[in-house]
Structures are given as structure tokens and as C-alpha cells.
Amino acid sequence: MKGLRNYLNKVKPNFMPGGRYSKLQSVFEGFESFLFSPNTTSSTGVSIHDSNDTKRTMTVVIMSLVPCLLFGIYNIGYQHYLAIGNPDAGFWNLFVYGFLALLPSIVVSYVVGLGIEFIGAQIRHHEIQEGFLVTGILIPLICPINTPVWMIAVATAFSVIFAKEIFGGTGMNIFNVALITRAFLFFAYPAKMSGDAAFVATEPVFGLGEGSVVDAFSGATPLGQIATSASENPVLTNIIGEPISTLDAFLGLIPGSVGETSTLCILIGAAILLFTGTASWKIMLSVFVGGLFMGFIAHLFPSATYPASSLTPIEHICYGGFAFAAVFMATDPVTGARTEIGKYIYGFLIGVLAILIRVYNSGYPEGAMLAVLFMNAFAPLIDYFVVQANIRRRLKRAKMND
Amino acid sequence: MANIRIKKGLNLNIEGAISEQSIAESSSKNFAVVPDDFPGITPRLDVKEGELVEAGSVLFHDKNAPEIVVTSPVSGKVVEISRGARRKIEAVKIEAQGIAAKKFDLNRDVKQLLLESGLWCVMRQRPYDYVPNPNVEPRDIFVTCFDSAPLAPDFALLLKGKENYLQKGVDALASLTDGNVYLGCKPDYVPNVKGCVVNTFEGPHPAGNVGVQIANVKPVNKSETVWTLDAVSLARIGEFLTTGMVPFDTVVAVTGESVNNPHYVKCVMGCCMSSLLNGCVDDAEKCHVVSGNLLTGTKVAIDGYLRFPYRQVSVIPEVKNDADFLGWASLSPKRFSIYHSFTNWLLRRGKPAEFDAKLNGGVRAIIMSGEYDRMLPMDILAEFLIKAIIAFDVEKMEQLGIYEVAPEDFALCEFADTSKLPLQKIVREGLDKLYKEMN
């Protein structure tokens, strides 16, 4: 590795101000610090630093998303082969199909997002920051598999520029960037984002998975089925009309956005995040508590007007994007509440709102995304009250001493 | 006597601790006093280059409060006044010569004696963490009787046989306040002194920081002033008030991974680093030499001088691996982290950690939340206070408790910070700016 280091040292002057490629300084420094951790040492303050940095933190988050990613890839293939009446096509067929179907979204999301980050960093003469490494993988995971890649490109560009860069980049954004992408898609192209045709890949990819869809096929997600059902106790089915259980939803072999279907894989991710101390257990726990609480209330008063009220609290957590939002979206430290007490309130309200929207707003079969975005907007307000309490405590103490 | 348990914070077990309790002797010819060691003082020189001074005679005084003086730790000749940008006085350098030290007449009041002897400057006041303003009577005086910082010297050793001086010091300080003198001790070393309120503190660093002790005993409110110092300085005050000679000798812990044989050295304040490190550091130019502990100490050159509070030197490698390939992905247990995404917690449990002076990452906006809170056992919302300081929102700073803190309270937060922000510098500059705004 000394050779590579020496080579970088040799070409570095070209990228510095005044050099031939000085317009690529941020990009060069980004790659340099990716390859070799920077040799900057302390000059003031503490002489020693913890080994953790933002690169490491983001890497841990990506690692925690890997179970969801791998399962999502498999599930794309599984749903496809189930739809064409050939569910026993073999693990590798399913997996490779899913991989090829998802790959364009991942590539496009990273290329567009990182491209904008690189340009933004260079314009501001900043270092390239790592936030998009996580956002870039989250975007394909929270979109339906049939989202056209150009839509992903447009939505990613929109959210990176308008939800992040104009606020000052990583660490400065108010709304979760990946969720803004999803919300942009949801409101700009509603027909492509919900309904029967969005969540199951039915077309062959690169010649793989040829076949026509079986007659009984319906690509609606369980929550979609509930939202459109008229009965008080709707029977949930998979895409070929066979009934499914909560266990199926927990394991994840149901249609849905790529990463959100398997509650089990999400919980594995949650374990990684919590064990490494990367995400706040307070937020995560309270989202689940909030969701269970609201699910319980809704289930106490089942009504045919609001068919989702027939779901038990546990079902609410296993279906749809609730668990994914709780583990990976609500815990984004930048957009969430930053005071310790605030985290409980913030998480709890996300859980309550997610189920509230899901059950009582017939326009949206899923509410987790909107709940997190909504609470992103309210997180500063929650923090404000916690900070005010600290200030009042201090004032009271001063008065007592007078 | 109350026993207070500190829960937040972190004890850093670092390679290079002292195993023997014996104290070596060291002598130096060159000394320096650095005005920057005494925050709040704008130095005005009382000596010229070439002038002879005796130990205890005035080197410079404060422009705004001329009665605050800093005295020479050694008798000899002022060989150089080194100045930096805008002719700022960086150091007054003295070459030792065998002249007798100054003896003070003890038949005056304590405050006068402390000011004249320069021992006033071992104290700090909150707010601002400045050398105390002699015209303001403190609400209370807080003394910390242990140092919980990494590799810090053991006060029990430094204060051995000095309990009578501690008592004398406590009596003297008690006469300067209507409030109490508080002594913050760790449970296994409580000196036997009377006339003060003794509290014991259990828990990890920063339990030994006087600011943390104040916050857990009787926090500073707006428009209140408290004075702070450590017990070693208190014993020094007591000794001075007993003998009339300022004891400028000090015991220094020479510690750190790069020191071959970590040990205690008896020397004189402000002595040159080389006299302390001679023979115990190999490859000195590749070392990061710190006067003080690794969290709050000042980086000095290998030919620099021992700096306030004159009781510890830490030496670690500057950069261990200058081609650290994919360092962010490393699973090496040698990398210390408070996070479990590294392996040190599992594979090097209980073993001392090894550090170099690298930042281990790039400076970023604050991303992780709750990181500072874990490291600061005070009722302060650290992150919000830091943001208020950066924005210099005076009202917010006051509301969030700027008057209660000193830069050293944020040292552990700075160590743990994923975003690698220079928190102590931010707080120091914020306090300086606030002082200017208020006066």
C-alpha cells in the first residue's frame, strides 16, 4: 500500500489550487481520505481522539442495511417467479433476477446523488461528506421495484439539492433525504408508486425470468388490499391469491418496497445499530411503543369505514414500512430530536402518527414515511421545550439562591 | 461529608502509566513562563532582557488589574522575551543562576501575600475560567483533591506529608470568602483537614474536574463567582504562608506510550522539556509532546517548557501509520473507540489503549446526537451550548449555563466526538468573547 500512497502523494499537487485539475480537488481529497485515513493531528485541545468518525458511522449503517438488501433482492426474484407461476426456479435464479432488477436503481441513486455531492463540495471548497453513502442505498430500498430509473434519478437529484445541499450538506438538513426522495416520487408520480403494478417485477430482466403472469395474479401489497377492501375482516393474500399469515409478513415473503418487507431482517439491522451504539435505542423503542399503542387503540374500535383498524398492533408492525421507518428512518440523528427526553417524545409520536395515517386516512395505505417526515419538522420544537425546561431549571436555581 | 456518584464520563486506560512511586530528581538551566497559561491576564512586562531576577520576583503584571502578577519560578537572568504575531508576549525565558530566592514578609493579609507572590495565579474563577478578579469576593472556593484525567499523577503521592500545609491553605482561603471552602476528594484519599466541606466523588473521569464537582455540589449561577484550584496548589499556598518562600518546586508525572520508563520527577516549574525527557524518549521528533494530560494539556515542542499546572507531561507518537489503508474499515483491536463497531472492547478488554495524535477522521458538522451528554456529568445541554457559542448568541449562552463551564469540562466530549470538532477551543474563545461583551 506504500506504493499507492506514494503515487497519491505524487499526483496530489495537480489537484491542489493552482494545479491542472484543481477543479477536482474535493473529489481527489474525498477518494484520498477514503483510501487512507487522513494524517491530520491535533494541534489544540485534546491530543487523542476516538477512532470513530463519520465514515465509520455511515459504514456501520450500511452494514446494518445489508440483511434487508439481500433479502429484498431475493424477495424481488421470489415475487417475480411466483407471479409467473414458477416459484421453484431455484435460489440462485431468484437471487440473480432480483439483483439484476435492483442494480440499476442502486447505481442510478449513487451516481446522481454522489455526483451532486461532489459538485456541491467543490463549489463550497468543502471536503466530500459521507451522508449520501447511506441515503444512496436507502433510496432503492424504500421504492417499489418497478419505479423507473429516470424517476429515481429525478427524485434523488431533487432531494439532494433541495433537502440537503441548500441547507448546507450532511448534518444540516431538516428532513430525511431518502424520505424526501420517496415523498417526491409519491406525490409527483402517484400512479407509479402505489396500486397493483408497482411492487412486483413482472417483466424479464436481461432475458432472465421469461414467462407470463398467472391468471390469479394481483400485485397489491397487504396494506393496499386492506385499504381497498370493504369488509370488516379482510383476508390478506399473497400475489397469487393464497392467504398469508403475520408470520409470512414477519419473514418478509410478501410484496412491498424492496427493503421493508422482512421485519426479521430489519430487526437484525436494528440489533447491529443498537449494539454498535450508532442509533438511539430511545427513538427506536418509542416508535415501536407508539405504533403498538395506536394500533391497540385503533383495534379496540374496528370499523368497516376504516378497514385497517381490523389489524392487530403486531400486524401493524409486521406489514408495510413501519419497522423499516422505525429502525432506519426515525433514528437518523440529524433530522430527529437531539435531546434525550425529546427522543422519547419524537419516537412515540412517529409511531402514533404512522398508524393514525394508515388507519384513518383512506388516501394513504401506508403512513410511516409521512409520519417520520412530519416529526422531522417537529423535532426542533420538541427539543425547544426540553431546552426550555433546562433553562427554567437554571433560572429557578438562581432565584432560590437570591 | 457527602458521597456523590458520577455516572457519566469515561475512564481512559492508556498505555504509559507510572508503575513505580519513587520520585527522581531533575535539574534544568533554562526556564520559561508563558502568559497564555494564565487566561484573563493581558501581560505587561516588569523585566527587560538581560535583567537579573530572583525566584518570586515579578515578571509581568496584568494590564487591567496591576495587582495580579506572575513571578519568576527561578533565580537567574532574563535571557529572552519571545514575541509572536502583533508583538504578543509568548514566553519570558530565564536562565538559572545561583541567586537566593525572594523571602516574603508574612505580616500582611493573605490576599495581599497571594497577589504579590504570584500564587494568586494558581487559582481560577468561574465564570470565564480566568485568573480571579481580586475585587470580587467569591461565593465559595472549590478545591479538587484528585486528578482523574488519563495517566494523571496521584495526588496522594504529591501531597504526602503536606497535610499541615493543606490545613494552612484551607484556613487562608476560608478568610477570603463568606461561603465555604469545598474539598472534592476520591474515596480512597481524603486528607485530614478541618474548616472546609469535604465531599467524595466516585465514578469515571471527569469526576476530578473541579467544574464537575461544583455542578454536583452547588452550581454557579449568573452573577455569582466561585474560585477553583487543585489541592497541590493549595498545599503550595499553605507552604508559602508558613515559610514565606514560594515553593516553586513541583513533582511531574512523565507519562505516555513513547516514554520508555514512565516515572515521577521533581523539578522546578517552567523547566525545559528536554531536562524532563532526556534519555526517556527515543526518536523525539516523531513524538507528540504534551505538557499536561492528553485531554487538556498543551502541545509543546520537544525543546519547549513545562506549562501550567506543572504536574504532568504526556508523550505519544505523532502518527503511527502514515499510510493507513482503508482505516475507516479497520477491525484492529488496537484502535480505541467507545463504540462497539470497533473490536477493542472485545479483544483488548482491560488492556491499556494505545493512541497517536491523529484526529482519526475529518471535521464535520455535528451528526451523532447524545455523544457530548454521555461525557459531561453536569446539568448542561452540551450540544446546544456549543451551538449557541458558535453562533455567539449571548442570551442563549447565559441561559444554557456558559458561566458554569470551563474548556476542560468539554475535553472528554472532544475526545469522543465523531465530528472531530475542537470543542475546548470553541468554549475558550466563546468565554473570551463573552467577557469582552460583558465588560
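On a predicted model such as this, the values are computed, not experimentally measured, just so you know. Convention: sequence-line order gives letters A, B, ...; per-chain numbering from 1.
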query: Does the ring of F325(B) carry R5(A) above it, NZ/CZ under 6.0 angstrom from centre and within 45° of its axis?
result: no

query: Any Lys/Arg nitrogen of R393(A) or D379(B) sitting under 4.0 Å from an Asp/Glu carboxylate oxygen of the other?
result: yes

field: Which atoms of F384(B) approach chain A - backbone, side chain, both or neither, heavy atom under 4.5 Å
entry: side chain

field: Heavy-atom side-chain proximity of N360(B) to D53(A) below 4.5 angstrom
entry: no

query: Side chains of L294(B) and V46(A): does their closest heavy-atom pair fall under 4.5 Å?
result: no

task: Please look at A411(B) and chain A and tell me whether the side chain, the backbone, both or neither of the residue comes under 4.5 angstrom of a heavy atom of that chain.
output: both

task: If the plane angle is over 60° it's perpendicular, under 30° parallel, otherwise tilted; pick one for F275(A) and H340(B).
output: tilted

statement: Rounding to 0.5 Å, atoms OG1 (T44(A)) and NZ (K299(B)) come to a distance of 10.5 Å

field: Test side chain to side chain contact (heavy atoms under 4.5 Å, CB included) applied to F36(A) and D322(B), step by step
entry: CA-CA 8 Å; F36(A) 296 100; D322(B) 63 355; over 6 Å; no

- prompt: If you measure from NZ on K425(B) to OG on S43(A), what distance do you get to the nearest 0.5 Å?
  reply: 6.5 Å

- prompt: Where does N293(B) contact chain A at under 4.5 Å (heavy atoms): side chain, backbone, both or neither?
  reply: neither

- request: Answer yes if the side chains of R397(A) and N221(B) hold a donor-acceptor pair under 3.5 Å, and no otherwise.
  value: yes

- request: Take N52(A) and T418(B) through the test side chain to side chain donor-acceptor pair (under 3.5 Å) and record every step on the way to the result.
  value: CA-CA 6 Å; N52(A) 196 45; T418(B) 300; 3.2 Å; yes

- request: Give a yes or no answer on whether the side chain of T40(A) reaches the backbone of L359(B) with a donor-acceptor pair at less than 3.5 Å.
  value: no

- prompt: Measuring heavy-atom distances to chain A, does K358(B) have an atom under 4.5 Å in its side chain, in its backbone, in both, or in neither?
  reply: both

- request: Kindly indicate whether the side chain of I366(B), heavy atoms from C-beta on, has any atom under 4.5 Å from the side chain of R338(A).
  value: yes

field: Part of L412(B) lying under 4.5 Å from any heavy atom of chain A
entry: neither

message: Let me confirm one number: the OG-CD distance from S47(A) to E414(B), rounded to the nearest 0.5 Å.
response: 9.0 Å

- line: Applying a strict 4.5 Å limit to non-hydrogen atoms, the region of I316(B) in contact with chain A is side chain

- prompt: chain A heavy atoms under 4.5 Å from N321(B): which part of the residue, side chain, backbone, both or neither?
  reply: backbone

- prompt: Do the side chains of I380(B) and N390(A) get nearer than 4.5 Å, heavy atoms only?
  reply: no

- prompt: I367(B) versus T170(A): any side-chain heavy-atom pair under 4.5 Å?
  reply: yes

task: Using the side chain to side chain contact (heavy atoms under 4.5 Å, CB included) rule, take L12(B) and I48(A) through it: C-alpha gap first, then chi angles, then the decisive distance, then the call.
output: CA-CA 11 Å; L12(B) 281 168; I48(A) 50 177; 4.1 Å; yes

message: Please report the interatomic distance OG(S51(A)) to CZ(F355(B)), rounded to the nearest 0.5 Å.
response: 6.5 Å

query: Within the distance-only criterion (no hydrogens, no angle test), does the side chain of S341(B) pair as donor or acceptor with the backbone N or O of T276(A) below 3.5 angstrom?
result: no

field: Modelled atom types, side-chain donor and acceptor of S369(B) and K343(A), under 3.5 Å
entry: yes

Distance, nearest 0.5 Å, that separates CZ of R364(B) from CD of E130(A): 4.0 Å

message: Counting only non-hydrogen atoms closer than 4.5 Å, can you tell me which residues of residues 399-406 of chain B sit against chain A?
response: Q399(B), L400(B), G401(B), E404(B)

- prompt: What heavy-atom pair brings D324(B) and S37(A) nearest, and what distance separates the two atoms?
  reply: OD2-OG, 2.7 Å

field: Gap between atom CG of L10(B) and atom CG of D50(A) - 0.5 Å precision
entry: 8.5 Å

